[in-house]
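Labels below follow one simple rule: chain letters A, B, ... track the order of the sequence lines, proteins then strands, and each chain is numbered from 1. Below, each value reflects all heavy atoms present in this structure, side chains not excepted, and no hydrogens, waters or symmetry copies.
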Amino acid sequence: GENVEQHPSTLSVQEGDSAVIKCTYSDSASNYFPWYKQELGKRPQLIIDIRSNVGEKKDQRIAVTLNKTAKHFSLHITETQPEDSAVYFCAPNSGYSTLTFGKGTMLLVSP
Amino acid sequence: DTEVTQTPKHLVMGMTNKKSLKCEQHMGHRAMYWYKQKAKKPPELMFVYSYEKLSINESVPSRFSPECPNSSLLNLHLHALQPEDSALYLCASSQHNPSGDTEAFFGQGTRLTVV
């Protein structure tokens, strides 16, 4: 099965700073690399994803980079805002569309 | 419509009760999932249905019984649960894609408390 490690487990930044969260995985067959944001008491929501035929994808303040050789991908958030505070999960797929979630990173953005 | 709807939102049940969780989607997705999420933990996969057939059971105890009556509905029948089964139960759906690179949409979850 897929082993997923996510770092850091908590990340505190000042508003306007950048935040980077890294995810490593073990299954070389993984080809889909999403990041989910989960606010307290709410459902996980996809914020950005990347597929194995590209190395980087950007959507406004959020970007994801993928290094398939090293088996890791990262979430980059620039110009952080208090509403970015949440738990972020990486969830690479492991065959047949099943997602394996990392342990999560609690991001705290202070005004 | 990109919604996955789960009912009920909250459920309190005794250890001898039988209850069911329901999940519905109208996005034409043919893969549906049940996840369990304990507090401060990631979602853990329980079951996967593909074209209304159970394809993955992650060694879930038999007190949890899934059912997929049609392509839009997914149920989770609960019987003789333990207090440690208290958690947020999340349903998700996605397109059935053999390459596996497809987005999963989550419902808002059912917060289950077993007393």
* Group every Ile, Leu, Val, Met, Phe, Trp and Tyr by side-chain heavy-atom contacts under 4.5 Å, then state whether A:Tyr32 and A:Phe73 land in the same group. => no
* Going hydrophobic residue to hydrophobic residue with side-chain gaps under 4.5 angstrom, can you get from B:Leu54 over to B:Leu73? -> no
* To do: Could you tell me which portion of A:Pro44 (side chain, backbone, both or neither) has an atom closer than 4.5 angstrom to a non-hydrogen atom of chain B?
  => both
* Measuring heavy-atom distances to chain B, does A:Tyr36 have an atom under 4.5 Å in its side chain, in its backbone, in both, or in neither? -> side chain
* Taking atom NZ of A:Lys103 and atom NZ of B:Lys40, what is their separation to the nearest 0.5 Å? -> 15.0 Å
* To do: Calculate, to the nearest 0.5 Å, the distance between atoms OG1 and CG belonging to A:Thr100 and B:Leu45 respectively.
  => 8.0 Å
Could you tell me if the side chain of [Y] sits less than 4.5 Å from the side chain of [X], heavy atoms only?
| X | Y | answer |
| --- | --- | --- |
| A:Gln38 | B:Gln37 | yes |
| A:Leu99 | B:Tyr35 | yes |
| A:Phe101 | B:Lys41 | no |

Residues, nucleotides or ligands: over 12 heavy atoms within 6.0 Å of [X] [atom1]:
| X | atom1 | value |
| --- | --- | --- |
| A:Gln60 | CD | no |
| A:Gln81 | CD | yes |
| A:Glu5 | CD | no |
| B:Glu44 | CD | no |

* Closest heavy-atom pair and its distance - A:Arg43, B:Val4 -> NH1-O, 3.8 Å
